[in-house]
Amino acid sequence: LHHQKSWQEIMKWNGWGYSDSRFLFNKKGQAEFTGKRYRLSGLILPSLKDWFEGTFGANLQHKSPATPTVNLSAVAPPNLNEPFIEDLKAAGVAASHDPEDRVFRAHGHCLHEIFALREGRIGRVPDMVVWPSCHSDVEKIVELACKHNVCLIPYGGGTSVSSALECPHEETRSIVSLDTSQMNRILWIDEKNLTAHVEAGIIGQDLERQLNEHGYCTGHEPDSMEFSSLGGWVATRASGMKKNIYGNIEDLVVHIKMVTPRGVIEKSCLGPRMSTGPDIHHFILGSEGTLGVVTEVTMKIRPIPEYQKYGSVVFPNFQQGVACLREVARQRCAPASIRLMDNEQFQFGHALKPQVSSIFTSFLDGLKKFYITKFKGFDPHHLCVATLLFEGDRGKVLQHEKQVYDIAAKFGGLAAGEDNGQRGYMLTFVIAYLRDLGMDYYVIGESFETSVPWDRVLDLCRNVKERIVRECKERGVQFPPLSTCRVTQTYDAGACVYFYFAFNYRGLSDPVHVYEQVEHAAREEILANGGSLSHHHGVGKLRKEWMKESVSGVGLGMLKSVKEYVDPQNIFGNRNLL
Amino acid sequence: VVLFSPHFRIRKRDDFEDVLEERRRSSDLRYALRCYTPTLYKGLVPCKVSMLKSIVLQSDHLQCVIKQVSSESGDSTECVAEEASLILDEMAHRMQLSTVRFFVFTLSKAFKRLFRSVCVNEEGIQRLQQAVQEHPVVLLPSHRSYMDFLMMSYLLYMFDLPLPVIAAGMDFMSMKFIGEMLRMSGAFFIRRSFGGDKLYWAVFSEYVKTMLRKGYAPIEFFLEGTRSRTCKSLTPKTGLLNIVMEPFFKGELFDVSLVPVSISYERVLEESLYARELLGVPKPKESTSGLLKARRVLSEDYGSMHVYFGHPVSVRSLAEGKIKRSQYNLLPRYIPQKPSVDTHEFLNDAAFRLVRIQEENMVLKPWVLIATLLLQNPDGMDLSSLTEQTDWLRHLALAFGAFLDWPDHEACSEVISCSLALHRRLLSVSAGHVQLSVTDAPQVETTPEEAVFQRAVVVLSCASYRNQILHVFLRPALLAVAMQSANSSRKDDIYNCFNFLRNMFSNEFILCPGDSVQDFEEACYLLMKRGVLQVLEHEIVMSASGQSTLAFLCSVLEPFLQGYQVVCRYLCEETNENLTEKEFIPAVRSFCFVCGSVNCLHTRSCLLLVLISVSTDLIMHVLGPALFCYMCVCHHGIRSPEVL
C-alpha cells in the first residue's frame, strides 16, 4: 500500500502523468517542459508559442487555469456498506474511504472528465477503494461483494479514454473501486517456453523494466505504457506500437486468470493454441471490467532485441504515404513500427523542436535543403512523414531497412534520418501532456482511433477531418480547429488511424458539450466510411450506443447472455460495453 | 447551404441583372478572347482530357465489369476492353478553350439578336462561385430549349466559373460539324436508351464519377431527361442523379453540391415546333443543315430570358438520416451495386424536390397569365375585361407565391399590349377583341383537317405558356376540383378525393410521392389565406367571396380532366386488346377527332379541349393510371365509365 500511496502523490490529480512534468509558457513567453523524466524535460521549445497561437487563435494573455487543489468538501460522503467493510477487515484486505483516494479513481482521461476536475467539479465517485495484494484477495473481495450486493469497478492504471471508469449515475449500491496496483509481481519466468507469469496489476513500464533485467521484454508498448496496467490491456484489447513483431495483446497472452462472481475462469494448460470451442479468452479480452477482475496473466516474452534503429521517410503528400504503407503491408515487411503523420502533425512536430539538442538536429533545415536542392517538388503544406522503428539482429535490420526504403522510394519517399524517427516516437509520450497546456489557454482536445480497410483509408481520413472542421464551425467555434490524423498500424487488410482534434473554446458557453457533439459526429462519419467503432481504446460508456450497429443484435445478445450467466447480480456494474 | 424552404412559405428571391447590356457596349471579339481564369475547386486533381480516358478505362470498377461481361459473353477481356474504349471514344468530350471562345463570340452575336435581355441573378452566381471551391458541383438546369445548355456554358464563361461538362443526347452527335463543336465545348454524348447494356452503363457511370471525384469540372445534366415540349416540368429521371450521388454515398467525396437552375423564356424558340411534335408530326432530325434552315428564328424577337441559379443543395444534408452510408461497408466499392429500395426512394424524392425548386424559381412573364385566360375563353375576350382579369389573376398568382416578372411602374393595360405584341403570331386583336387564332396561315385555302391542325398548333403553343404557371395553381386547383367532386364538406372526403386526383395526375405534374398530406395542407393554407375557404377541424367550407377563385382554379385543371376522360373512354369503348404503344397514340388521336365531330363540333370550346387532349404528352401520361383502371375493368367485366 505504501507504494500505492507514493504513486498517487507523484501523479497529477487533474491531468496527465507525473506532477513534475508539464508544459508551460515561461515569463519570456517561451514554452518549456519541466521535470527530468523525459528527453524533452528541461528544454525550451521556441517555436511552440507561434504554432499554438497560430493554429488555435489562442493568446497567452487569455488563461483558463485549473483549480489548484482538490476541493474535498465537494466530495459527497461515502455510501458505505458496513457489513461488507466488517467482513473485508476480517479478511485482511486493505481499504480506504479517504476522499482523495476515491476522487483519484473516479475518472479516466476523457476530456469531459479532466475538464470537470480542473473546474473543481466532482461527480459521483466510488464510495471506497480496496487494494487486493494477490489473486486470493480478489477472490475474497468478489465473494463478499456478491454476499453484500456491492458494486465493484476494477481499476488498473486509470488511463481509460472511454468513460469506462465513470461511476454510473443510476447506481444506488455502494461502489467499490478495486485497485489492482498492489498485484504487481512477476511470479515466474519460463525461459524454455519464453513465457512469464505476471500479476495483472503491474504497470507497463515496470513490467518491461523488470523483464529487461532478465534479458527479456514483452514488446507490448501501447502509448500509455508508462501508466497503464496489464489487466487493463487485457480488458480493453490493447494494441502495442510494435505489434508487427510481437502482436497485439490477444496474440501475446497464453493464459488468463479472471475472478468472476461465478468463480475463477481459466484454461487448464499452457498450450499455444487450442481447438476447444470458441476461445474463452475472447470473452475476457475486451470485457472492460463487466465480467470480473483479471488477476494473473501468462504472457509470451522475447529476448531483448540485439539492435534497434529508428528511421523516417518524407513523402510529397499523404496519398503517397498511404500508398507506401499499403505496399509495405502487402509485402508483409512492416518494421516493428511504421507510422504516417499527415501534414498538420508534421508541422506540429516541428513546433516541438527544442532550442539546443544534438538529437533534434534540425529536421526542417535538413529537409529544406533536400527539397530546395534536389527535390523541389515537395510542398511544405502537403508533405508528410513516416516514422519507422526496426528491431532484430543487426544484419537483418539493415537489410530490412533497405527493403522498406526501396519501397518508399517508389512512392516518392525520401529517407529523412534516424533522429527524426526517434523524435517522433519520443513525442508519443509527451503529447498527452500537451493537452493540459492547451487547457490552460482555452484549448481543448482529444484523440480517437479506428481501423479501416486499406482502400478506404484516404477517404475516411479526409472525410472525418473535414467533418470535424465543419461541425466546429456549425457549432460556433470561432477559430478553425486542429483536425489531424495519422496511420499508426498496418495490417494485411487495413490500417489503424488515429485522429487528434482540438479547438479554442473562447466564446462558447458549454465547450465540453460542443466537444462531445463534434466527437460524436466524427464517430458517425467514421462508421459511415467503413471504419470500426474502436481499434484499441474500447467502447466503455462513451461509444456504447453504437455497439448494436457494430456487432449486430444477435452479437450483442450473445455478449449479454454471457454477462447474464457470469454476473447475474451485476456486481461488476460499471455498465461499460453492453 | 440551404435545404428546402417550408413548402408554402414564399421565399425571398434575388434580383436580376441583364448580362447582355455589357455585351451591347463592347467588342464581342475582345470579350471572347479575354483572359479566362475560373475559380477552381480546392480539391482539384489536375487532369488532362486524355488522362481522363485512361483513368476511366483502368478503374477497378470498369475492369470488374469488363471481366463480368467477358465471362458472360465468352468474348475475351481484351475484346470487351476494346469495346469499352470505343464506347468511351464515342462518349467523351474534348473540351478546349479555343472552341469555347468561338462559341462565346457567335453566341454573343446570336443572343443579342434573339433576346432583348438575358437576366441572371448575380447573387446566385456568387453562391455558385463559393460552392465550386468547396465541393464538386452538379448543375441541374431546367430544359425547355436547345438554348439552355449553350446559355449555361456562356454564362459560366462570363462569370469566370469553370466550364461544365454536359450530358447530351446522342442525337446531337449526328449533326456533323456542330456535334464535334459541342464536344469540344464540353458536351459528352450518351445514347438515349441502353437499358440492359452493362458495359455501356459502367463506362458511362465511371466516366461521370471520375470527373466528379477529380473535381475536373462541374457536371451538367437535365433532371427531366429531355426538353419539355409542353413547358411543364417532366417527371425527373434518377439514373444520372444516382451516379453523381454515389461518390458521396460511398465516402469517396465529402459532399456534392447540386445547383438547380431555372431557365425561362418569354418566348420559346421551339414554340410551334413543339406543338407540331405533340400533334404527332415527327421531330425533325437534328442536323447541321436543319440548323442552318432554322436561321429564320434569328430574325424574330424572343423577348427576355431569365436564368436563376438556385441555392446549392448539399447531397450530404439531403441524405442526412435517409441514407445509411454504412450499407456500402461490406462490399468492395468498385463492384457495381443496384441502389437499394431506400436509396431508390431517396433518389426519387430528391429528384422531385429539385424539380420543384426549379419550378419555384422559374420567372413568369405577364403573357403567361394572359395565355391562361385566353385558353379559358376560346371565343376571345374584350381587351378591357382581359385587362381586368389579368390584374385579378396577377394578384392571385402573387398570393400563391408565383415568381412574376411584372414591370414595376407600368399600367396593366400597357403591360398587356406589350405582351400581345410579342406573341402576335398566336392571336388576333380586332376592335378591342382578343382571341387566339392562326395569323400566319398560308395564303392558299386549306382543307378543313389542316385548318383544325393549324388551330391546334396555336392552342398547344398557347397552352405551353399556361403550363408554365400550373405549378403555382396546381395544389389549390386540385383542392378546388376535389371539393367540387367530393359532394361533401367533410375534410376526410375532400382529402380522399384530393388524394385520388393527385395520384391520377402523378405523371402529369410534379407531385412528390408521399407529400400528399403536405400538399393538401398547402392548398388549404393558400386558399384560406386568400379568404376563399374556411378550414375547420373536420370541415372545409367555401366562403361567399370564394366562388370566382374556385371556379377559375377548377377550369385550370379542366382540360386535363377532359383529356383523361377521353383517353379512358377510348380504352373502355374502342380498344382491342393487342394494341402496341406505337399504334395507340394515333388511335386515341383519331378517336378524339371522331368524338369531337360527333358530339360537339359546333361548340368551339369542346373542340379546343379535345385538341389539347390529343397531345401525345397527355396520352402517355394518362396511360399509367388509366391502364390500371382498364385492367380493373377487364378483370371485373365492368364496362361503366364511372369506374374511371
Side-chain angles (χ1 to χ4, degrees), chain A residues 316-320 322-323 326 342-343 377 379 381-382 450-474 480 483 485 493-494 497 517 520-533 543 545-552 555, chain B residues 1-3 41-47 55 58-61 63-64 130-131 133-136 209-210 212-215 245-257 312 314-335 337 340 342-343 346:
Chain A
N317 55 46
F318 192 63
Q319 289 91 300
Q320 294 283 78
V322 171
R326 204 278 160 268
D342 69 1
N343 183 260
D379 177 347
H381 294 289
H382 286 126
T450 186
S451 57
V452 59
W454 277 115
D455 70 317
R456 293 172 183 264
V457 170
L458 278 178
D459 288 332
L460 180 131
C461 289
R462 183 199 54 234
N463 287 355
V464 172
K465 279 158 66 172
E466 175 134 13
R467 179 76 181 261
I468 289 171
V469 172
R470 191 204 262 224
E471 293 283 337
C472 281
K473 195 173 169 194
E474 277 170 16
S483 172
C485 71
V497 181
Q517 285 180 313
H520 188 274
R523 182 58 61 182
E524 293 272 356
E525 192 64 32
I526 286 174
L527 297 175
N529 283 273
S532 64
L533 188 54
R543 287 177 275 274
E545 64 180 288
W546 291 291
M547 263 303 273
K548 190 173 170 191
E549 181 185 331
S550 292
V551 300
S552 79
Chain B
V1 177
V2 164
L3 268 177
Y41 168 49
K42 67 173 184 207
L44 179 72
V45 183
C47 177
I55 293 171
Q58 295 308 315
S59 68
D60 293 336
H61 169 217
Q63 288 297 321
C64 166
Q130 282 290 318
Q133 294 172 51
E134 286 300 307
H135 303 292
K209 284 185 202 170
T210 302
L212 203 66
R213 285 190 290 242
K214 302 264 167 213
M245 285 186 174
E246 232 181 40
F248 165 72
F249 295 158
K250 291 188 171 181
E252 295 161 336
L253 286 172
F254 183 79
D255 202 353
V256 175
S257 297
S314 141
V315 173
R316 178 175 275 266
S317 321
L318 266 186
E320 175 88 53
K322 298 203 177 112
I323 295 286
K324 254 186 101 59
R325 281 181 286 157
S326 56
Q327 67 182 295
Y328 297 93
N329 285 357
L330 296 180
L331 196 66
R333 290 178 293 178
Y334 64 84
I335 298 178
Q337 218 176 337
S340 64
D342 284 356
T343 310
F346 167 75

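Predicted, not measured: the structure shown is a model, and the values here were computed from it. In what follows, every heavy atom counts, from backbone to side chain, and hydrogens, waters and symmetry copies are set aside.
Under the ring pair (Phe, Tyr, Trp, His ring centres under 6.0 Å) criterion, A/His382 pairs with no residue, sequence neighbours left out. Partners of A/Trp546 by side chain to side chain donor-acceptor pair (under 3.5 Å), not counting sequence neighbours, listed by chain and number: A/Glu524. With sequence neighbours left out, A/Glu545 forms a side chain to side chain contact (heavy atoms under 4.5 Å, CB included) with A/His520.
Checking side-chain atoms of B/Asn329 against main-chain N and O of A/Leu527 turns up a donor-acceptor pair under 3.5 Å. In this structure, the side chain of A/Arg456 does not engage the main chain of B/Gly251 through any donor-acceptor pair within 3.5 Å.
Proximity to chain A (any heavy atom under 4.5 Å) is restricted, for B/Leu253, to the backbone atoms N, CA, C and O. Of the atoms belonging to B/Asp60, not a single heavy atom falls under 4.5 Å from chain A.
Counting heavy atoms from C-beta on, the side chains of A/Arg470 and B/Glu134 never come closer than 4.5 Å.
For the residue pair B/Arg333 and A/Asp459, the shortest heavy atom distance occurs at NH1-OD2, 2.9 Å.
Residue B/Gln130 places its CD atom among 12 or fewer non-hydrogen atoms of other residues, nucleotides or ligands, all under 6.0 Å distant.
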query = Going through the distances and angles, do B/Lys324 and A/Glu549 end up as a side chain to side chain contact (heavy atoms under 4.5 Å, CB included)?
reply = CA-CA 11 Å; B/Lys324 254 186 101 59; A/Glu549 181 185 331; 3.8 Å; yes
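Residues of residues 460-468 of chain A that come within less than 4.5 angstrom of chain B, heavy atom to heavy atom, are A/Arg462, A/Asn463, A/Glu466, A/Arg467 in numerical order.
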